[in-house]
There are 2 protein chains.
Amino acid sequence: MEWQTFIEHQPFLEHVPPGLRKATECRKAVAGEMLFRVGNPVRSLFCVATGEVQLVRHDLRGTKIILQRSRGGFIAEASLGSKAYHCDGVVSETGMLLCFPLAAFRAALEEDAPFRNVWMGLLAREVRKLRAQCERLSLNGAAERVIHYIESEGIHDAITLNQSRKAWASELGLSHEVLYRTLKRLGEQGLLRIDGSRISLVRESNDGDGAREPTASKQRT
Amino acid sequence: MEWQTFIEHQPFLEHVPPGLRKATECRKAVAGEMLFRVGNPVRSLFCVATGEVQLVRHDLRGTKIILQRSRGGFIAEASLGSKAYHCDGVVSETGMLLCFPLAAFRAALEEDAPFRNVWMGLLAREVRKLRAQCERLSLNGAAERVIHYIESEGIHDAITLNQSRKAWASELGLSHEVLYRTLKRLGEQGLLRIDGSRISLVRESNDGDGAREPTASKQRT
DNA sequence: CGTACTTTTGAATCGCATCAAATCTGGTGG
DNA sequence: CCACCAGATTTGATGCGATTCAAAAGTACG
């Protein structure tokens, strides 16, 4: 498969300098495969062209916690700065992978200013995204988390889910049952419009129709 | 005040190139002061030499959410990559501040390779730290969050709190009452040793003393 | 010495997690 | 094409733990 194909999906790949491109391996990754495990030395940086890769950790009782979910874009960018991985990297959906050798990647950052700036921009974006997720997780209330998610991850107050609702629930730090119930309730209250995997926020215009709760909080039957 | 003084507290400042040093303003920041507000254009990068600065946001009902808390080190590093601030920056404890003009900072990154590498290392560290916090917040159980905090933020399973417990509670996504009770309970169970602001984890050696719960989970009276 | 804030404990309530079970879905192989 | 299976979706019932409201005691600071 050609770089040109990938660039269409991931515009930032356009900035990868020729030297690094030649050193990059491009391969298929099958669902279930482990890219790396906790403690493994960092040898490559991975970019998910298609499919999905997750950064996961397991707590004491074996519960899986998803730390990052990448569908297009880098996975474990921060591993560039450390010797060994802090999490497991598992392929959750079959797709194509770009494997950048660590040394070549570092060299490219050193030599190529535009590429470097794109990279620093990606890191900064990741930081902001993570801060938003922390903010979301510190909200106590299922409805508030759902709405916060749509507001911060969506475009024009609407999202198209690219994962199952069950997986979304765990990203929101909720049990899947509560997420289902919350979506239903918000839908019935007219605060949310749900068409399959398309979910959008309905902003109340605050004029007519006085039979509504003040805002997305403390909804009761 | 002199750079040499700051470098003792923040070793990475040693790598700030001379050109950038000359352009940097150094001033006192008084508790309560707002460094910037949501939407303000980014003009400087701030480094907290002493005192404390917080990155905060407010939800719909005015509840304060702390997104970052910096005591020594940069605050809002990710703002380097965006036009405007996404949060408010408030001084929570009086101290000294280094204000790097944005343009000069960018230029230094461009020209000075060692400085740039230190900076990218800081960004990567921030990403890992934020991932750890997300992991922590997605644990459901006060005791588990406390223990996770000590394990990931502490040194040798021990931390010295540099903030009030009330503030810690909000960082953990808990009400302060629950944190107090949880600490007390864990202390009584011998899982935690608490000396004022010094809190350390007691690892059970799993040999003698059979009167203990399996691990840090599901503690009951 | 007084004020503001943190720390601490108590009691009541609410919402989420959990267990259970039924239905629906997409995909596989016969 | 259909039977079948695994996983996702949906709904119900229950208990626990966190939030919340309340109030008292401790502590820092001017």
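No hydrogens, no waters, no symmetry mates; every other heavy atom, side chains included, goes into these values.
- Remark: C1' of D:dG17 and CD of B:Glu177 are 14 Å apart, rounded to the nearest angstrom.
- Counting any heavy atom pair closer than 4.0 Å across all strands shown, B:Arg181 reaches a base atom.
- Inter-residue side-chain proximity for B:Glu153 and B:Arg136 is flagged as met; some heavy-atom pair is nearer than 4.5 Å.
- Rounding to whole angstrom units, CD of residue B:Gln163 and P of C:dT6 are separated by 12 Å.
- Nucleotide C:dC16 holds its C1' atom 15 Å from the CD atom of B:Glu144, rounded to whole Å.
- Rounded to an integer number of Å, the gap from B:Leu139 CG to D:dA18 P is 12 Å.
- Taking CG of A:Leu35 as the reference point, atom CZ of A:Phe46 lies at 5.0 Å (rounded to 0.5 Å).
- Following rounding to the nearest Å, B:Leu174 (CG) and D:dT20 (C1') show an atom-to-atom distance of 14 Å.
- Look at CD on B:Glu93: it is 16 Å from C1' on C:dT6, rounded to the nearest Å.
- Dashed line: the shortest gap from a side-chain N or O of B:Lys184 to OP1 or OP2 of C:dT8 is not under 4.0 Å.
- One interatomic measurement links the two molecules: NE2 of B:His176 to P of C:dC5, which rounds to 13 Å at whole-angstrom precision.
- Ring geometry, A:Phe100 versus A:Trp3: the interplanar angle falls from 30° to 60°, so the pair is classed tilted.
- Rounding to whole angstrom units, CG of residue A:Leu179 and P of C:dG15 are separated by 17 Å.
- Within the nucleic acid shown, B:Ser164 comes within 4.0 Å of sugar-phosphate atoms alone, with no base atom in reach, counting heavy atoms only.
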(message) Determine whether A:Arg131 and B:Glu126 satisfy the following criterion, side chain to side chain contact (heavy atoms under 4.5 Å, CB included), listing intermediate values before the conclusion.
(response) CA-CA 10 Å; A:Arg131 275 205 227 293; B:Glu126 188 69 20; 3.3 Å; yes
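- When each of C:dA17, C:dT7, D:dA8 is scored by its nearest atom to the side-chain atoms of B:Arg165, the top-ranked nucleotide is C:dT7.
- Using cut-offs of 30° and 60° on the angle between ring planes, the pair B:Phe36 and B:Tyr85 is parallel.
- The shortest distance between the side-chain N/O atoms of B:Tyr180 and the OP1/OP2 oxygens of C:dT8 is not below 4.0 Å.
- Along DNA chain C, the nucleotide closest to A:Gly141 and the one closest to B:Ala167 are compared, and the more 5′ of them pairs with B:Ala167.
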